[in-house]
Amino acid sequence: MAFGGALLDLLYPRVCGGCGQRVGGEGMQLCWDCLSALQPVVDPFCSHCGDPVEGMIEHRYRCGPCRKDAPGFDRARSAVRYRGPICDALQALKYNGGGHLAADLARLLAACVRTHFTDIAFDAVAFVPLYAKRQRARTYNQSRLLAVQLGRELGLGLMPPRTLKRTRDTGTQTGLTAPERRINVENAFAVTQAEWVEGRVLLLVDDVMTTGATVSACSRAIKEAGAAGVYVVTVARG
Ligand SMILES: [Zn+2]
Ligand SMILES: [Zn+2]
């Protein structure tokens with residue numbers, strides 16, 4: 001195994017997904033400089049959506065958007081802030097076939113789950129589906145890649161393919177305001193196998209969470225189909 005890895009390194013030198021430097025050593029695809037530059041999401045944050053707030057808050061806190069319009073998920077947490085090298089790593093995961101990064105990123109996700117969801121017994125890992133046409137063009141779905149690896153880390157199975165589907169092409173959420181994002185993804189997801197979803201507690205995985213509109217819309221569809229709980233974990237928080 002180690003020899004195979006060394007041979008692979010010789011044939012295909014590994015470069016860091018965060019900065020493009022060559023990476024040596026065992027396994028990791030992110031270099032030490034980039035790993036040490038990551039900023040974990042720490043208290044205080046919204047108890048529902050996990051959005052960090054500046055300053056000190058003593059009591060349990062829910063952010064304005066969560067109080068105004070409760071998200072579709074039961075609770076969301078993210079591993080690190082969407083700043084610095086993680087932006088490049090996630091960009092590489094999404095667009096440059098950076099599937100090899102998924103295992104490293106899933107370790108961050110697993111650490112986040114083990115910190116924030118100790119009270120939840122999950123039945124399976126779920127992911128945010130792409131619109132079928134987009135999935136064919138892109139060939140892979142970064143959310144699913146992360147879910148597969150996170151499932152391995154946590155010893156959980158994966159939601160079967162096409163259990164949850166995106167019913168229309170919602171385009172990119174980039175550049176939209178929070179209300180526009182919510183409207184853009186409203187009712188854009190549907191569960192096609194309610195019998196699988198029913199009664200299950202799911203861990204929904206995605207790469208980045210900004211306003212949470214997408215994971216909220218997915219969660220709502222899953223819960224309406226009868227899931228007992230939907231909790232969200234993302235690598236980064238915008
Ligand atoms: Zn690096
Ligand atoms: Zn919130």
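First listed ligand is number 1; within each ligand, the first listed atom is number 1. If you're wondering where the values come from, they're calculated on a predicted model, not measured in any experiment.
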Side chains of C218 and L164: closer than 4.5 Å at any heavy-atom pair? yes
Can you list the residues that meet the salt bridge (charged side-chain N to carboxylate O under 4.0 Å, His left out) rule with D43, with sequence neighbours excluded? none
Find out whether Q173 and N184 are in side-chain contact, i.e. whether some heavy atom of one side chain is under 4.5 Å from a heavy atom of the other. yes
Could you tell me whether the side chain of D33 reaches within less than 4.5 Å of the side chain of C19, counting heavy atoms only? no
Determine how many protein N/O/S atoms sit closer than 2.8 Å to the Zn ion (ligand 2), leaving waters out since they are not shown. 4
If you count every heavy atom of other residues, nucleotides or ligands that lies below 6.0 Å from R168 atom CZ, does the total exceed 12? yes
Answer yes or no: is there a side-chain heavy-atom contact under 4.5 Å between K223 and D74? yes
